[in-house]
Amino acid sequence: MKSILTNIWKVAVREVNRMSSRGLYILVVLVLPILSIMFFASLFKEGVPTKMPIAIVDLDQTSGSRKVARNIDVTPLSKVTENLQSETEAMSELRTGNIYGFVVIPKNFQSAILASRQPVISYYYQNGFLIAGGLMQNDLTLILHTLSGGINIQKREAMGQPEDYIMSQVQPILLSTHQLFNPTANYSVYISTIVLPIMLQLFILLMTVYSIGIEIKEKTSHEWLRLSEKSIFTAITGKLLPYTVIFFIVMMFQNFMLYKVMQIPMHTSLGWLMLGSLLFVMAYQAIGVFFIGLLPMMRHSLNLSAFYGILALTLCGFSFPIEAMPPVFQYWASGFPVRHYMHIFQSQILAGFELRYSILSYLYLMLFFLLPLTIINRLKSALIYQTFIENVHKT
Amino acid sequence: MKNKYLNIFRPISEGFSNTFRIWMREFQLIFSDVGVMILIFVVPLIYPLLYSFIYYPEVVRDLPIAVVDLSHSADSRQFTRDLDATPDLKVATSSISMEEAIMMFKNREVRGIVQIPETFSQDIAMKRQTTISAYADMEFFLYYKALMTGASFVSLETGHKIQINNLMNEGYTERQAQITAEPFKMVDNAMANQGGGFASYGIPAALILIIQQTLIIAIGILAGTARERHIFGTLVPMDRKKMGTFRLVIGKAAAYFTIYALLCIYMLGMIPEWFGYGQSADFTELIALIMPFILSSIFMGLTLSVIFKNRESAMMLYLFTSIPLLFLSGIIWPLSNFSPVWLAMREIFPSSNAIFGYIKMNSLGATIFETRKEIMSLWIQTGVYFLTVCITYGYQVNYSVHLRSELASHSYREIRQKIGIGD
């Protein structure tokens, strides 16, 4: 037992030396992951979009229509940046991308209101963008309903109805919305918390495949196995150990940015957070080992890692919910550790639900550790016989 | 006379044939490399199909919710039925307590809770304002949106009916009542992606990004491989004859351009048609946008390829940009909320303007004139990256020539040691 530990240590020390020999290692394990964390932390700094540019086309130009126009500018989400003369002009501005939406107040708006002819206000918004489109629609609908209610209220006040009564009539049913377990409605909570682990898994996968693949490619695998006394288990454990430590530290730094700097609510103890992060890192290392064992030629296993790693963005279900996907992809999604990590985050960390609602996800993450066992013999023979070396003809 | 004629044309025709040779050699390099072939043929073929199938349902329909009906009245049961009737929501269970509903929520059996107050029916009868509470799942933006859309629609409609009823009881005619309740009508016009389908949001951006990323990585892989193959680790082979920088760049670019022009027919022509994504742009409009996009991506890829020392370098060091680039394009987070630093960063990559321009043209029906800012930026990028690639490749060509001339007086081993790749 003691000799195994010393061997693991020897392999790990060798790996650290290898890491310091090439700039690529330090870039992939530290520099690029930290730059990514900084990028997303800075991009979603504000949490909720504000002051999205919109336009007003006031074809009426009366005191009544100008009052409507002024009221459109009240919400923090949008900001009226242009007053335009015609609908065509506004449409062109929208297509050009200068505004996200516009409201058209028709000709004779004021006189139609006074004459009870029910004029029509149209609003247009760019729905080609997910967040901007949804927010714009909600915002414009809300503003116009408030305005419509305002006119109704004025009319009733003129008739001398009491205030309480007016409200009960104008808006008999009030909808009060509560956001369960994320009181801030903050987009960085949706996006950064999931995108950052997705970025990190990409680096973990590529690095794991590379660190083993390069030994095969550069025919150094015998030297590596010699240090581990021909034990593949010792060899892999020793090799991955430095990366486990570094990636775990990077992930904890990421958690620090999310929960301390960006102040995303965290309803679990530091211990669980550390456990979840560690399992996440190790699950992806296991998948990396599986890939290089499956395709010992590094060029192919790197391609496979890239394909799988990028797909995580879609199949973890953060953009489009898994439950709404065709069933075959729902099963497929379980094959991504980030999916289980996301569940732990949402259930235990963000919402603060009891452990029993997320315990299964911890088990799933651990299940990935078994994956390398299926290819361990294939990997070992690839390391020993070096049969997967591409013939490079030097010119 | 005849001789003079030849003197002018010889260098030109030689230039063409040289360029053509480099072009064909690049083809040979690409087609003989399985890894690169997978990257530039299989990935662009498979990914769009895969994404389209994953997002096939496109929208969230019938989100399961729990209704906590504390009123137990005919009014509240009607309200529940109305919620169930919306396309967005499906009432999985009603007549349970709040505790039970939260339990179901934690188990993910329901994705939202609507609570109808005990006094619901009395409030309506007594003409008091009543409050419905909606508890939304904040895990997914689309779930939140579905619950809010469904619940606010039913609340407004029910409220509207109550108001009109009351007004008619006060002696208004139906028309008068309607005008009082709704002084002006509102018409909602969603421009682009009327159905609000998710695939229509994401896939156009993904298509453009796949083109740029596979191009840059493929060029990087081939550059790294070339350095591994060449005995002194040079990017440019040490041929007997000096290779013209200009011919080298044009010849290589031509090879990628032909491949990607063909791929675009599939990715930007057939995929949108098969799956019914926006296709307002006509052929000339698409060409006006996509041509500078492919060219700038190629020149950017060739410029970047100089830094990749090994075959794996491009994948290891460049692949990760795919995810930030999706966000930099401005389709997820509105550009009006970008800091100046990221707006500047955005201009470095051709994909940002190409994605934005492609969505404008294809989903909103923008003309070439309305997309001028994006098209101009892409041409500027093409020009700038063409310059950088000429400078970097010029340096590499001279370096190879220099090493070759060294061979006259030094041995292989000496040179290899001198440039630091000695065995």
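Proteins get letters first, then strands, A, B, ... in listed order; numbering begins at 1 in each.
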Seminar exercise, completed: Turns out that what part of B:Phe338 lies under 4.5 Å from chain A's heavy atoms comes down to side chain
Exercise. Are the charged groups of B:Glu312 and A:Lys217 less than 4.0 angstrom apart, N to O?
Worked result: yes
Exercise. For B:Ser155, is it the side chain, the backbone, both or neither that has a heavy atom under 4.5 Å from a heavy atom of chain A?
Worked result: both
Seminar exercise, completed: Heaviest contributor of heavy-atom pairs below 4.5 Å to chain B, chosen from A:Ala112, A:Pro119, A:Ser305, is A:Pro119
Problem set entry | Structural part of A:Leu94 lying under 4.5 Å from a heavy atom of chain B | both
Exercise. Is there side-chain contact between A:Phe307 and A:Asn303, with heavy atoms separated by less than 4.5 Å?
Worked result: no
For this session: Before accepting this row, confirm whether a basic side-chain N of the pair B:Glu182/B:Lys161 lies closer than 4.0 Å to the acidic partner's carboxylate O.
Result: no
Exercise. Is the closest basic N to carboxylate O distance between B:Arg311 and B:Glu228 below 4.0 Å?
Worked result: no
Problem set entry | Leading residue by heavy atom contact count with chain B [cutoff under 4.5 Å; candidates A:Tyr125, A:Phe329, A:Phe109, A:Tyr100] | A:Tyr125
Problem set entry | side-chain contact (heavy atoms from CB on, under 4.5 Å) partner of B:Met186, the single match among A:Val120, A:Thr141, A:Leu144 | A:Leu144
For this session: Among B:Gln176, B:Arg128, B:Gln115, B:Met316, single out the residue with the greatest number of heavy-atom pairs under 4.5 Å to chain A.
Result: B:Met316
Exercise. Do B:Gln163 and A:Asn152 have side chains that get closer than 4.5 Å, going by heavy atoms?
Worked result: yes
For this session: Specify which of A:Lys155, A:Met52, A:His145, A:Met207 makes the most heavy-atom pairs with chain B at under 4.5 Å.
Result: A:His145
Problem set entry | Cation over ring face, B:Arg372 and B:Phe369, 6.0 Å, 45° | yes
Exercise. What residue, out of B:Ile359, B:Leu317, B:Thr158, has the most heavy-atom pairs lying under 4.5 Å from chain A?
Worked result: B:Leu317
Seminar exercise, completed: Okay, B:Asp62 and chain A: the region with an atom under 4.5 Å from a heavy atom over there is neither
Problem set entry | Max heavy-atom pair count under 4.5 Å with chain B, selected residue of A:Trp332, A:Phe345, A:Tyr210 | A:Tyr210
Problem set entry | Pairing of B:Lys360 and B:Glu374 as salt bridge, 4.0 angstrom limit | yes
Problem set entry | A:Leu43 versus chain B, the contacting section by heavy-atom distance below 4.5 Å | both
Exercise. Looking at B:Trp333 versus A:Phe44, is the centre-to-centre ring distance below 6.0 Å?
Worked result: yes
Exercise. Considering only heavy atoms, which portion of A:Ile214 lies under 4.5 Å from any heavy atom of chain B: side chain, backbone, both, or neither?
Worked result: side chain
Problem set entry | Exercise: do B:Glu370 and A:Thr96 side chains pair donor with acceptor under 3.5 Å | no
Exercise. For B:Thr371, is it the side chain, the backbone, both, or neither that has a heavy atom closer than 4.5 Å to a heavy atom of chain A?
Worked result: neither
Problem set entry | Interface residue of largest heavy-atom contact number with chain A, from B:Phe356, B:Tyr51, B:Trp342, under 4.5 Å | B:Trp342
Exercise. What part of A:Ser42 is in contact with chain B, defined as an atom under 4.5 angstrom from a non-hydrogen atom: side chain, backbone, both or neither?
Worked result: both
Problem set entry | Partner chain B: residue of A:Val328, A:Ile310, A:Leu27 with the largest heavy-atom pair count (under 4.5 Å) | A:Ile310
Seminar exercise, completed: Under 4.5 Å to a heavy atom of chain A? For B:Glu170 that would be side chain
Problem set entry | Most contacts with chain A, counted as non-hydrogen pairs under 4.5 angstrom, among B:Ile323, B:Asp188, B:Ile179 | B:Asp188
For this session: Against chain A, label B:Asp33 side chain, backbone, both or neither, depending on which of its atoms sit under 4.5 Å from a heavy atom there.
Result: side chain
For this session: Please check if the distance between the ring centroids of A:Phe203 and B:Phe320 is under 6.0 Å.
Result: yes
Exercise. Any chance the side chains of A:Thr50 and B:Asn337 put a donor and an acceptor closer than 3.5 Å?
Worked result: yes
Exercise. Between A:Gln137 and chain B, which part of the residue has a heavy atom less than 4.5 Å away: side chain, backbone, both or neither?
Worked result: side chain
Exercise. Does the side chain of A:Asp164 come under 3.5 Å of the side chain of B:Gln129 through a donor N or O and an acceptor N or O?
Worked result: no
Exercise. Which atoms of B:Leu156 come close to chain A, meaning under 4.5 Å heavy atom to heavy atom: side chain ones, backbone ones, both, or neither?
Worked result: side chain
Problem set entry | Within the 6.0 Å centroid threshold, strictly below: B:Phe327 and A:Phe39 | no
Exercise. Which bit of B:Leu326 is near chain A, if near means a heavy-atom gap under 4.5 Å: side chain, backbone, both or neither?
Worked result: side chain
Problem set entry | Exceeds 12 heavy-atom contacts within 6.0 angstrom, atom CE of B:Met103 | no
Problem set entry | Choice from B:Ile113, B:Val36, B:Asn166, B:Ile221 maximising heavy atom contacts with chain A below 4.5 Å | B:Asn166
Exercise. Which region of A:Leu202, side chain (C-beta onward) or backbone (N, CA, C, O), has a non-hydrogen atom less than 4.5 Å from a non-hydrogen atom of chain B, or is it both or neither?
Worked result: side chain
Problem set entry | Heavy-atom contact with chain A under 4.5 Å, split by part of B:Leu167 | side chain
Problem set entry | Per-residue contact mode, A:Arg156 against chain B (heavy atom under 4.5 angstrom) | side chain
Exercise. Hey, do the aromatic rings of B:Phe79 and B:Phe120 have their centres closer than 6.0 Å?
Worked result: yes
Problem set entry | Best-contacting candidate, A:Gln330, A:His343, A:Met91, against chain B by heavy atom pairs under 4.5 angstrom | A:His343
